[in-house]
Structures are given as C-alpha cells and as structure tokens.
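As a basis for the values below, the full set of heavy atoms in this structure was taken, side chains included, without hydrogen atoms, waters or symmetry mates. The shown structure was predicted, so the numbers you read here are calculated from the model rather than taken from an experiment.
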Amino acid sequence: MVNILNVYTISAFAALGGALFGFDISSMSGVLATEQYKDYFNNPIGYKQGAITGAMAAGSLAGAMSSSVLGDMISRKIAIQLGAVLWIIGAVIQSAAQGSGMLVAGRVISGICVGITSSLVPIYQSEIAPRRIRGRVVSLQQFAVTWGIMIQYFIQYGCSFIKSDASFRIPWAVQAVPAVILFLGLFLFPHSPRWLASKDRWDDALQVLAFLRTSNNDINDPLVLAEFKEIEDQIRYELDEESSSWKELFSKKIRLRVILAATVQIWSQLTGIDILMYYIVYILESANVANTLLASSIQYIINMLFTIPCIIWLDRWGRRPALILGALSMSLWLYLIGGLLAKYGEPNTVKDDSYTWVIRGHRSATLMVMASTYLAVASFAISWGPISWIYPPEIVPLRVRAKAVAIATSANWATNFILGISIPPLLRAIRWKMFFIFGSLNVLAALYVWICAPETKQRTLEEMDEIFEHGDPLWRSLNTHIEGNNRLESMAHAIEKGNVRLYHSLHVRMF
C-alpha cells in the first residue's frame, strides 16, 4: 500500500520551487499600475517594460539549459537547493534596485533559479510518485505556482498603499523567504530513487522506494521489489546499449518524444496565459475597469481554485482530453475579449498610457471582458497549467530524462521571453487583434494534441516505451489498451513466488 503521506509531503514541499515562479509573476504584475513604480523607474512602457518582465524568462532559459547537467551530476534535490540560493541573491538585488538595469540583473539571477526548479521539480516529483497518482503529485508544482502568485499579489496589493518606494521593495525582499525554507527543508527529504539507481547506489534506491511505498519501510514488499526490478531492468538496458544520452536525444527512437515534450511546453505559452498573468492590469485598464489591482486579485484566486479539480481528477480524466478541451475553451474566451474590444473600444487619447485602445461608456462590455479573462484563466488552470509540467518528464526514459526535460523547459522559457518582451508593444500596436491571434493559436494547440500527444495516465515511467512503440498512431492512444497495464502487479506476484530475481545483491540499512 502506498504511503501517500510521504509522497505528498515531499512533493508538496519540493513544489515550493514552483511557488517561487508564482511570486515572480505577481511581483511584477502587482506593481505595473502603481504610481510609486512608474515614478521611480520613469514610467516604463512598451519595450522597456517588456525587457524588465522578460529578464526573468531570459534567466530561466539559462537555468533550464543548465538543469540537465546539474540534475544528473549533483542530483535533482541538491540542484533545486542551488536554485533556491540563486533566488535569494536575486531577490536581494531586486529589492535594492537603484534603476532599471539593477532590477533586470536581479530578475535574471532569480530567473536562473526558476529555470532550474521548473525543470527539476517535476522530474523529482514524477520519479518519487507511484504511477496511479503521478499526475496528481506533479500537478502540485502548478498548484504551488498559483499559490505563489496569489500570496505575493496580496502582499504587493497591501504594500501599494505605502507612499514610497518601499511599496515595491518590501514585496520583492519577501520573495526570499520561501527560498530559504525550500533550501533548508530539502535536507530532510530523500534523493530520487531513480537517480540513486543511475549512480549505482542500489541499496539506497531500494531503501527510498520502501520508504515511499510502504508504511513500515518494508524492503521485501513485492510491489516495492517489482518497481525496483523495473528500474533495474532499464538501467541495465542503458548500460548494455552504452549510448551517449546527448546523442540518443536526437535518435529516431527518442527524437519524437523530445519534440513532443518541447512543443507541449511551447503551446502552453502560446495559449496566451502570459498576457493574462503578467499584463492583466493593461487588459483591465483597456476595458476601463475602475480598480484594476483589486480586479486582478480575483483572477489569481480563480487561478488557484481551478487548479484543484485538475489535481484531484487528472489521473482519472487523462492528459489528452484536458489539454484539448482546455485549449478550445481558452480560444472561446480570448475570441470574446477581442470581439468586445473591437466592437466597443476606441483609440486612447492619452499618449503615455500602456494601452492605446479603451472601452468607454459600455459598462456591460467592460464586465464581459473582465469575466472572460477570469474564464480564460480558469480554463488554463484546469488543463494546460498543471499538465504542461507533468507531461514532459513522463514521456522520456530515465537515461535522457533530465536532458530532454531541460530542452522542453528551455523551449518554454524561450517562448516566455519572446512573449514577455513583445506583448507590451504589441498591445499598443495591434490592440484587440492580439486576442484573435492567441485564440487561433489555441485552436491549433488542440489540433496538435489530438494528432500528436498520446495518453500517459496510469503508466509507470518505465512503461512509456510501450506507448510510443506499440505501432498504432499516437492519436489513437486515448482508446488504446496496451498489454501490461498490470505489469507491476504481475511482476510482484512473480517475485513473491520466486520466479523473478533481482540482478543486484542488496545490503540495505533500515531507517
């Protein structure tokens, strides 16, 4: 029987790495409309604000690219701790910023942390979780992101009433607190059993598996030994192949999976969530919402609440249906926002505003735009938000997992960087047309998932080869039953009867 408390506790705590990303999102979106921020940094709009916002994504790209080497070399856990240290340094620099350059530097350093943690936290979570709740466990990463956004936003909102530059310095300094907790707390938790096995630490790997899967650390539990045997078989296969993991990334067998992992991450950004998260204040100002800071807070609460159904039921729903329906739903609300702005909006006569199109005198249109932004965020939170982090580490084998996820996450942050820089000037230039572009991209995302993304729910990480190699088109995986769904149970039964033996002699010390 799975010791759910251990798995959930460890995964939830590691998800503080996701909360750091959430803190960053609202630490910027929460100051855009404040006079203190505008006055101190000389009213950054257009490309200047895009560069400040995009600096975090630039750092995240560098962090994601380095995460594979760090995750394989020093372990998933220690690399996450290294990221936490970088976040603390970045938060200190941001809170002490004397100008835009120093602010950008601090955000780049914090971004390196986000790149490392956003790559390695889902890997760590997926490698410690049993297959039946893996989606639920890894989705805690996105849930932590939503909590980070909401907590930091309300800190930012409360500090907005301070009539000095402390209104943004205090919240930016507070960002260091969860990183300190993450760094210290991880000393109490185990390494990934799959990483331990890859380093030939078989005794430790079995000990951690027993700790995670049983209530009494039973290393002789048949299901524990069956899962250990699966890991053992895969490691042995990798040693027999003697392949370079970097070279194998681009082999015919693995290339499709790497591309799929990267494109799922890219599509998650092209849904338009960046414009709704970073620049929601600009949208609400364009819709002529009176109190944009308060209205934005409702969106972040919705984002957190609608992640919960995905956490609870994703392993029952499956990944494919949630992604397809989420993209189609987002397209509807984004089309509606664009249509309302086009029909009821007019050019903004105030030259230095961050928006050049505004709705005036149409209260119902204003409310509909606000409601549509909430519904678009809810659609993302219940689908693409968690699944875009769950899916990449699920579909690639252990020998290339850290590197493949690093590539996928790098693709995410490269897209995030481009959008972060380009959205503010585009909002000023093409106005409501931007929402039609993102609405159409969501339709394409749904089509891509239908054709290219197989279903992965209820499979062990070692069973993914069967999903990609069983011969049927990937789009049929929603209804395809692959033999071996109960393979762990069958192997456990065989081990219990003495028909299957482990390769390694083990000398495990109990906790």
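Under the ring-ring contact (aromatic ring centres under 6.0 Å, His included) criterion, W413 pairs with F21, sequence neighbours left out. Every residue was checked against the ring-ring contact (aromatic ring centres under 6.0 Å, His included) condition with F306, not counting sequence neighbours, and none meets it.
Within the 4.5 Å cutoff, no side-chain heavy atoms of R76 are placed close to those of V121. Considering only heavy atoms from C-beta on, F183 stays 4.5 Å or farther from I80 through its side chain. Contact of the P321 side chain with the E455 side chain is registered, since non-hydrogen atoms from C-beta on lie closer than 4.5 Å. Between I181 and V177 there is a side-chain heavy-atom pair separated by less than 4.5 Å. R213 has its side chain out of reach of D221: every pair of non-hydrogen atoms, C-beta onward, lies at least 4.5 Å apart. When side chains are defined from C-beta on, Y391 does not count as touching Q265, because their heavy atoms never get closer than 4.5 Å. For the pair S126/E394, no side-chain contact is recorded, criterion being any heavy-atom separation below 4.5 Å from C-beta on. Residues I324 and Y448 have side chains not in contact (no heavy-atom distance under 4.5 Å, counting atoms from C-beta outward).
The two atoms that bring A197 and I231 nearest to each other are CB-CG2, 3.7 Å, heavy atoms only. The heavy-atom pair separating C310 from P386 by the smallest distance is SG-CG, 3.6 Å. Nearest heavy-atom pair across I337 and S372 is CG1-CB, 3.4 Å. Nearest heavy atoms, M434 versus I423: CE-O, 3.9 Å. Closest approach of W432 to A342, counting heavy atoms only: CD2-CB, 3.5 Å. Y124 and A14 make their closest contact through CD2-CB, 3.9 Å (heavy atoms, listed as atom of the first residue, atom of the second, distance).
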Could you pull out all donor-acceptor pairs under 3.5 Å where a side-chain atom in residues 137-151 meets a protein atom, sequence neighbours excluded?
residue: S139; atom: OG; partner: G135; partner atom: O; Å: 3.1
residue: S139; atom: OG; partner: R136; partner atom: O; Å: 2.7
residue: Q142; atom: OE1; partner: W389; partner atom: NE1; Å: 3.3
residue: T146; atom: OG1; partner: F143; partner atom: O; Å: 2.6

Would you tabulate the side-chain donor-acceptor contacts of residues 273-280 under 3.5 Å, counting partners in other chains and residues two or more places apart, or write 'none'?
residue: Y279; atom: OH; partner: T53; partner atom: OG1; Å: 3.2
residue: Y279; atom: OH; partner: G420; partner atom: O; Å: 2.8

Give the table of side-chain donor-acceptor pairs shorter than 3.5 Å for residues 58-68, with sequence neighbours excluded, one pair per line with atom names and distance.
residue: S60; atom: OG; partner: M56; partner atom: O; Å: 2.8
residue: S60; atom: OG; partner: G111; partner atom: O; Å: 3.0
residue: S66; atom: OG; partner: A62; partner atom: O; Å: 3.3
residue: S66; atom: OG; partner: G63; partner atom: O; Å: 2.9
residue: S67; atom: OG; partner: A64; partner atom: O; Å: 2.6
residue: S67; atom: OG; partner: S119; partner atom: OG; Å: 3.3

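Partner L209 forms a side-chain contact (heavy atoms from CB on, under 4.5 Å) with one of P193, P190, P130 and no other, that one being P193. Just one of E227, E230, E232 meets the salt bridge (Lys or Arg N to Asp or Glu O under 4.0 Å) condition when paired with R194; it is E227.
Atom CH2 of residue W384 and atom CG of residue L325 lie 11.5 Å apart, to the nearest 0.5 angstrom. Between atom CG of residue D204 and atom NE2 of residue H191 there is a gap of 8.5 Å, rounded to the nearest 0.5 Å. Here the CG atom belonging to L86 is positioned 12.5 Å from the CD atom belonging to Q81, to the nearest 0.5 angstrom. Going from atom CD1 of I308 over to atom CD1 of I382 covers 10.5 Å, rounded to the nearest 0.5 Å. Between T409 atom OG1 and L120 atom CG the span is 8.0 Å, to the nearest 0.5 Å. One distance of note links OG of S118 with CD1 of I123; it measures 10.0 Å at 0.5 Å rounding.
Aromatic ring centroids of F189 and F13 lie under 6.0 Å apart.
A donor-acceptor contact shorter than 3.5 Å links the side chain of N442 to the backbone of T271. Using a distance-only test at 3.5 Å, with no hydrogens or angles considered, no donor-acceptor pair links the side chain of R134 to the main chain of A129. With R320 contributing its side chain and A453 its backbone, the two residues share a donor-acceptor pair below 3.5 Å. W87 places no side-chain N or O within 3.5 Å of a backbone atom of P178 that could act as its donor or acceptor partner. Judged by distance alone, the side chain of R257 and the main-chain N or O of V396 form no donor-acceptor pair under 3.5 Å. Judged by distance alone, the side chain of Q269 and the main-chain N or O of N412 form no donor-acceptor pair under 3.5 Å. S75 contributes no side-chain N or O that, together with a main-chain N or O of G71, makes up a donor-acceptor pair within less than 3.5 Å. Side-chain atoms of W195 come within 3.5 Å of backbone N or O of D72 as a donor-acceptor pair. A donor-acceptor contact shorter than 3.5 Å links the side chain of S297 to the backbone of L294. No donor-acceptor pair under 3.5 Å is formed between the side chain of S329 and the backbone N or O of G326.
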Checklist entry - What's the verdict on side chain to side chain contact (heavy atoms under 4.5 Å, CB included) for D218 and V224, showing C-alpha distance, side-chain angles and the deciding distance? => result CA-CA 8 Å; D218 185 4; V224 170; over 6 Å; no
Item to check | Derivation and outcome, side chain to side chain contact (heavy atoms under 4.5 Å, CB included), residues L225 and L206 | outcome: CA-CA 8 Å; L225 293 175; L206 181 58; 4.1 Å; yes
Item to check | Test side chain to side chain contact (heavy atoms under 4.5 Å, CB included) applied to L444 and W267, step by step | outcome: CA-CA 9 Å; L444 293 176; W267 282 119; 3.7 Å; yes
Item to check | Check against side chain to side chain contact (heavy atoms under 4.5 Å, CB included), T263 and I259 | outcome: CA-CA 6 Å; T263 49; I259 293 172; 4.2 Å; yes
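Residue pairs meeting the salt bridge (charged side-chain N to carboxylate O under 4.0 Å, His left out) criterion with at least one member in residues 292-318, sequence neighbours excluded, are D315-R319.
For S440 and Y335, the side-chain atoms include at least one donor-acceptor pair closer than 3.5 Å.
No more than 12 heavy atoms of other residues, nucleotides or ligands sit less than 6.0 Å from atom NZ of K343.
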